[in-house]
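Data first, discussion second: the structure below is written as structure tokens.
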Number of protein chains: 2
Amino acid sequence: MFQLDLKSRESIYEQIINQMKELIITGILKEDEKLPSVRELSKILTVNPNTVQKAYRELERQGYVYTVAGLGCFAASIADVKRDEAAIAQLTETLRTTLRQLTYLGFSKDEIDALLMTLLQEDQQKTEELKKGSEHI
Amino acid sequence: MFQLDLKSRESIYEQIINQMKELIITGILKEDEKLPSVRELSKILTVNPNTVQKAYRELERQGYVYTVAGLGCFAASIADVKRDEAAIAQLTETLRTTLRQLTYLGFSKDEIDALLMTLLQEDQQKTEELKKGSEHI
DNA sequence: TTAAGTGTACCATGCGACATAATACAGTGT
DNA sequence: ACACTGTATTATGTCGCATGGTACACTTAA
């Protein structure tokens with residue numbers, strides 16, 4: 001379910017946040033579906049429960065999940081996240097800094113442009129495959 | 001010359017690295033032009049000389065500058081910049097997942113395409129402005 | 001030769017974010 | 001009652017970063 005990179009400069013709880021966001025945004029975790037409990041996920045990932053809790057708390061603060069005391073943590077409505085200005089702004093900022101980094105690495109505009117078109121093409125193809133795959137369910 | 005943000009999550013030596021790369025790639029620092037000495041820049045930025053040296057060492061490792069003992073640190077030929085494959089792969093992966101998330105958030109290909117072109121335009125404009133700004137020194 | 005400036009190499013110290021460990025409390029469901 | 005859930009707290013250790021200080025070798029100019 002999760003892929004942690006302990007060597008990453010991204011901290012563990014940040015990785016949990018981002019990967020959980022992905023599961024929610026992509027709909028793999030459907031609305032109101034229960035997330036693994038703090039202790040459960042901590043065992044799966046072999047990390048400290050406090051670390052998982054820190055991630056869950058932040059996910060709730062950002063509106064990706066809601067929690068019920070004694071019950072657990074659940075995926076929030078995607079509608080709350082969709083077209084969420086904060087989420088979009090965050091992604092845009094990520095794109096901006098990434099492009100800048102590529103420029104720092106000596107990439108020309110044309111090179112970056114070509115790379116972006118390739119990636120966008122990949123993304124669209126992936127989307128098409130998902131649609132086709134879901135047709136015969 | 002430099003703009004440090006002490007509150008940034010980017011460390012000081014990383015900021016020095018990136019801004020120096022910017023100066024070199026934009027041609028503001030021309031080939032074989034001398035960089036401020038370690039001690040000099042440390043006084044300008046009011047940071048520790050060790051911090052500046054750490055940045056310079058990394059810049060040399062990546063091929064952006066070359067150093068001559070006793071003389072100083074000089075801007076290398078942009079052609080000599082070593083393309084860090086690992087860094088490129090990392091950035092590409094970041095782009096890939098970010099595009100994917102935008103798609104999940106309901107963005108169409110055209111919307112993403114437009115956004116990317118805008119950002120790329122911004123990036124290039126920023127580079128151009130830096131070049132122009134350095135003309136009248 | 002001397003002095004000042006250059007890069008370079010250490011080592012010790014402090015700080016803050018992160019992760020861990022252990023414990024405790026309150027709410028929910030069986 | 002019991003076993004789950006989330007939540008909160010405190011203490012401890014680690015690591016990267018930045019600092020302060022010292023030292024050495026090299027180059028250039030006085």
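Excluded from the calculations below are hydrogen atoms, water molecules and symmetry mates; all remaining heavy atoms, backbone and side chain alike, are included. Convention: sequence-line order gives letters A, B, ...; per-chain numbering from 1.
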_Charged N-O contact under 4.0 Å between A:Glu10 and B:Arg9_ =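 Salt bridge flag = no for B:Arg9 with A:Glu10.
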
Would you tell me if any nitrogen or oxygen in the side chain of [X] comes within less than 4.0 Å of OP1 or OP2 on [N]?
X       : N      : value
A:Tyr13 : C:dA19 : no
B:Thr67 : C:dT8  : yes
A:Ser37 : D:dT5  : yes
A:Lys54 : C:dC18 : yes
B:Thr51 : D:dC17 : no

Which atom of [X] lies closest to which atom of [Y], heavy atoms considered:
X       : Y       : answer
A:Ala75 : A:Ile24 : CB-CG1, 4.3 Å
A:Lys21 : A:Gln62 : NZ-OE1, 2.7 Å
A:Cys73 : A:Thr67 : SG-CG2, 3.3 Å

*asked:* How about CD on B:Glu22, more than 12 heavy atoms from neighbouring residues, nucleotides or ligands closer than 6.0 Å, or not?
replied: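 More than 12 within 6.0 Å, yes.
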
Take the protein atom [atom1] of [X] and the nucleotide atom [atom2] of [N], then report the distance between them rounded to whole Å.
X       : N      : atom1 : atom2 : value
B:Glu40 : C:dG5  : CD    : P     : 11 Å
A:Glu58 : C:dA17 : CD    : C1'   : 15 Å
A:Leu41 : C:dT20 : CG    : P     : 12 Å
A:Leu45 : C:dC18 : CG    : P     : 18 Å
B:Tyr66 : C:dT8  : OH    : C1'   : 18 Å
B:Glu10 : C:dG16 : CD    : C1'   : 18 Å
B:Lys7  : C:dA17 : NZ    : P     : 15 Å
B:Tyr56 : C:dA9  : OH    : C1'   : 18 Å

Report the nucleotide, chosen from [options], that has the shortest atom-to-atom distance to any side-chain atom of [X].
X       : options               : answer
A:Ser11 : C:dT8, D:dC17, C:dA19 : C:dA19
A:Arg39 : C:dT8, D:dT19, D:dG6  : D:dG6
A:Asn50 : C:dT8, C:dC18, D:dA8  : D:dA8
A:Leu71 : D:dC17, C:dT28, D:dT7 : C:dT28

*Considering heavy-atom distances to DNA chain C, does A:Pro49 or A:Gly70 have its closest nucleotide positioned more toward the 5' end?*
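Mapping each residue to its closest nucleotide by heavy atoms, the 5'-most match is A:Pro49.
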
*Could you say whether A:Glu60 or A:Arg9 is positioned toward the 5' end of DNA chain D, judged by the nucleotide with the nearest heavy atom to each?*
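With A:Glu60 and A:Arg9 compared, the 5'-side residue is A:Glu60.
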
*Would you say the side chain of A:Asn48 and the base of C:dC18 hold a donor-acceptor pair, judged only by whether the two atoms sit under 3.5 Å apart?*
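Per atom types, no contact qualifies.
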
